[in-house]
Amino acid sequence: MGGTGWAMTEFGWDVKYAGVQTLVAKFLMQGKAGLHAPVFERYHQKAEYFMCSLIGKGGRNIQKTPGGLIFRQRWNNMQFVTSASFLATVYSDYLASSRGSFKCAAGNVAPSELLSFAKSQVDYILGDNPRATSYMVGYGNNFPRQVHHRASSIVSFKVDPKFVACRQGYGTWYSRKASDPNVLTGAIVGGPDAYDNFADERDNYEQTEPATYNNAPLLGILARLGGGHGGYNQLLPVVVPAPNPVVAKPKPAPKPKFTPTPATSSNPITIEQKMTTSWNAKGKTYYRYSTIVTNKSYKTLKDLKLSISKLYGPLWGLSKSGNSYGFPPWLNSLPAGKSIEFVYIHSTSPADVSVSSYNLA
């Protein structure tokens with residue numbers, strides 16, 4: 001379907017080849033290609049063609065503005081910036097995991113160069129550019145104030161509850177030259193033109209319209225950059241053929257505690273833990289544990305506080321407050337019969353999880 005033939009210099013809403021080629025390259029690096037290795041290698045070559053064009057070292061390179069931003073088209077160019085930068089971030093980690101690099105027409109490329117390029121695009125988006133403009137609404141001192149977004153440009157219901165009809169919203173609010181009454185915090189707008197110029201006007205939809213597909217890839221890049229430059233093995237488990245097979249007795253994993261707290265009238269909350277996967281890294285075995293907390297009562301569970309001890313790694317899915325853990329930010333109660341899950345990773349037996357306090361309503 002063209003994956004082995006199309007050499008791409010864009011990745012966006014209409015053209016997904018570069019993303020597919022990058023994924024297939026991952027399978028090849030993992031040793032999962034099998035009999036398909038010759039075909040997967042052609043995908044791999046096209047993925048690296050895209051990466052070379054992205055950083056300006058290929059035979060045909062992606063256009064950039066004088067300030068260094070990827071430029072594909074005037075209408076919502078930022079989607080191409082965040083999507084391509086996300087691919088560069090992912091491929092950088094694939095290479096680092098396989099201890100590899102790749103060669104472009106203008107020389108070799110190390111994984112760190114791809115990650116640095118992605119960071120340069122994020123820096124531009126957040127204000128390190130010729131206009132000193134942040135293209136994330138609400139971030140910094142100089143960001144778009146007239147976003148092409150109906151809910152942002154009309155006064156909040158909380159401020160004025162009067163009904164606003166469709167035509168009224170367009171006729172009264174769309175043409176206003178004032179700043180948006182609702183700041184669409186976090187939204188990434190379409191961005192500047194090929195010369196780093198930007199007009200902050202509500203009817204300039206090509207540049208001031210936000211989109212979820214601008215934000216989604218950026219979130220992935222920020223998560224990676226927030227993790228530092230230590231490197232993450234994105235290829236686990238890697239299949240590496242051993243020149244001298246060695247049969248060794250595997251180290252037994254610690255037995256997870258399958259002792260759910262029984263639900264009683266005095267304690268209507270059950271807790272069940274289980275180990276879902278394990279892996280080795282730098283000589284140490286790590287375990288991922290899933291913990292299910294269930295409301296067995298006939299009422300809504302609120303103000304849940306959990307005590308977790310003997311935890312020696314990161315945890316996701318709960319909010320920490322002092323020495324206890326509670327519901328995550330997106331949840332404030334648990335209906336009768338429902339469950340929530342949180343996970344954590346560390347290199348020993350399951351942590352001790354118990355209920356400290358709660359309310360039923």
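- No side-chain heavy atom of Ile62 sits less than 4.5 Å from a side-chain heavy atom of Glu10.
- For the side chain to side chain contact (heavy atoms under 4.5 Å, CB included) test, residues two or more places apart in sequence or in another chain that qualify with Ala106 are Lys57.
- For Ser356, the side chain to side chain contact (heavy atoms under 4.5 Å, CB included) partners two or more places apart in sequence, or in a different chain, are Lys305, Ser307.
- The ring-ring contact (aromatic ring centres under 6.0 Å, His included) search around Tyr344 returns Tyr289, His346, not counting sequence neighbours.
- Residue Leu218 holds its CG atom at 7.0 Å from CG of Leu126, rounded to the nearest 0.5 Å.
- For residues 140-169, every residue pair satisfying the side chain to side chain donor-acceptor pair (under 3.5 Å) rule, not counting sequence neighbours, is listed here: Thr133-Asn142, Ser152-Asp180, Asp160-Lys162.
- Residues that satisfy the side-chain hydrogen bond (donor to acceptor under 3.5 Å, both in side chains) test with Arg176, not counting sequence neighbours, are absent from this structure.
- For Gln63, there are no side-chain hydrogen bond (donor to acceptor under 3.5 Å, both in side chains) partners at least two apart in sequence or on another chain.
- Partners of Asn204 under the side-chain hydrogen bond (donor to acceptor under 3.5 Å, both in side chains) rule, at least two apart in sequence or in another chain, are Gln207.
- For Ser83, the side chain to side chain contact (heavy atoms under 4.5 Å, CB included) partners are Phe11, Pro217, not counting sequence neighbours.
- In terms of the side-chain hydrogen bond (donor to acceptor under 3.5 Å, both in side chains) criterion, Asn182 has no residue partners (sequence neighbours excluded).
- Counting only residues at least two apart or in different chains, disulfide bond (SG atoms under 2.5 Å apart) contacts with residues 38-117 comprise Cys52-Cys104.
- Annotation: side chain to side chain donor-acceptor pair (under 3.5 Å) contacts involving residues 309-327, sequence neighbours excluded, are absent.
- Not counting sequence neighbours, the partners of Lys284 by the side chain to side chain contact (heavy atoms under 4.5 Å, CB included) test are Tyr286, Ser347.
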